[in-house]
Each structure stands twice: as structure tokens, then as C-alpha cells.
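Everything numeric in this text was worked out from a predicted model, so none of it was measured.
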Amino acid sequence: MPIDRLVLIIVIVMAAAAATVYVGMILLASSQFPPLILVAGPVLALLAYIATRVLRDRLNSAEDDHYDRIE
């Protein structure tokens with residue numbers, strides 16, 4: 001496994017853990033203040049969209065795979 005893929009997996013796991021805590025805090029706060037979920041929903045959707053685009057670009061980039069072919 002190339003080192004860049006390993007680092008990417010570690011970063012994704014750390015980001016997922018942080019996102020889980022963040023979403024949990026938002027949901028807990030929205031149970032205290034119901035209109036907060038109307039503000040938090042689009043923000044969370046935007047963050048998920050950006051993360052998906054970055055990961056898809058990172059995994060499908062031909063430039064990043066240049067060093068994988070070098071022995």
C-alpha cells in the first residue's frame with residue numbers, strides 16, 4: 001500500500017471521528033433549541049459535499065499516482 005494512501009486513510013478516520021463528535025453536539029443542541037437544526041442541516045450538507053468532492057478528486061487523480069509506477 002502506498003504511503004500516501006495510508007496517510008489519507010488515517011486523515012479520513014480522524015476527520016470522521018471529529019465529524020461524529022461535531023454532529024452529535026449539533027443534534028444535542030438542536031434538541032435543546034429546535035430551530036438550530038434548520039441552520040445546521042445545510043451547513044452539514046455542505047461539509048459532506050465538500051468532503052466527497054475532495055476525496056473523489058484525490059482518489060481519481062492521475063498525477064498523484066505517478067510515483068506508484070516507479071520501482
Side-chain angles (χ1 to χ4, degrees):
M1 176 185 306
I3 190 75
D4 61 336
R5 187 160 294 186
L6 179 65
V7 171
L8 180 62
I9 290 170
I10 291 171
V11 168
I12 290 171
V13 168
M14 290 173 50
T20 302
V21 170
Y22 180 73
V23 169
M25 289 174 50
I26 292 250
L27 291 175
L28 183 65
S30 69
S31 68
Q32 303 276 327
F33 304 103
L36 182 63
I37 197 68
L38 297 174
V39 174
V43 172
L44 292 175
L46 179 64
L47 290 175
Y49 173 74
I50 291 171
T52 303
R53 292 294 302 227
V54 167
L55 288 174
R56 194 174 289 165
D57 181 56
R58 178 73 176 97
L59 291 175
N60 295 332
S61 176
E63 287 182 10
D64 290 336
D65 295 337
H66 171 72
Y67 294 106
D68 292 344
R69 292 185 294 267
I70 296 175
E71 296 286 330

S.K.: Got D4 and R58 here, is their nearest side-chain heavy-atom distance under 4.5 Å?
M.R.: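 Yes. Closest side-chain heavy atoms under 4.5 Å.
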S.K.: Are M14 and I9 linked, directly or through other ILVMFWY residues, by side chains that come within less than 4.5 angstrom of each other?
M.R.: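 Both belong to a single hydrophobic cluster.
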S.K.: Does V21 have any side-chain contact (heavy atoms from CB on, under 4.5 Å) partners at least two apart in sequence or in another chain, and if so, which?
M.R.: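 With sequence neighbours excluded, V21 shows a side-chain contact (heavy atoms from CB on, under 4.5 Å) to M25, given in chain and number order.
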S.K.: Nearest 0.5 Å please: distance from the CG atom of L44 over to the CD1 atom of I26.
M.R.: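 So the CG of L44 and the CD1 of I26 are separated by 5.5 Å.
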S.K.: Give the other cluster members for V43, using side-chain heavy-atom distances under 4.5 Å between Ile, Leu, Val, Met, Phe, Trp and Tyr residues; answer none if it is isolated.
M.R.: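 Besides V43, the cluster holds L47.
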S.K.: Who pairs with L6 by side-chain contact (heavy atoms from CB on, under 4.5 Å), at least two apart in sequence or on another chain?
M.R.: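 Per chain and number, L6 pairs via side-chain contact (heavy atoms from CB on, under 4.5 Å) with M1, I3, I10.
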S.K.: With sequence neighbours left out, write down each residue that passes side-chain contact (heavy atoms from CB on, under 4.5 Å) with V11, or none if nothing qualifies.
M.R.: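 side-chain contact (heavy atoms from CB on, under 4.5 Å) list for V11, sorted by chain: V7.
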S.K.: If hydrophobic clusters are built by linking Ile, Leu, Val, Met, Phe, Trp and Tyr wherever their side-chain heavy atoms come under 4.5 Å apart, do V54 and L46 end up in the same one?
M.R.: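 Yes, same cluster.
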S.K.: R53: which residues meet the side-chain contact (heavy atoms from CB on, under 4.5 Å) condition with it, sequence neighbours left out?
M.R.: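 Applying side-chain contact (heavy atoms from CB on, under 4.5 Å) to R53 gives Y49.
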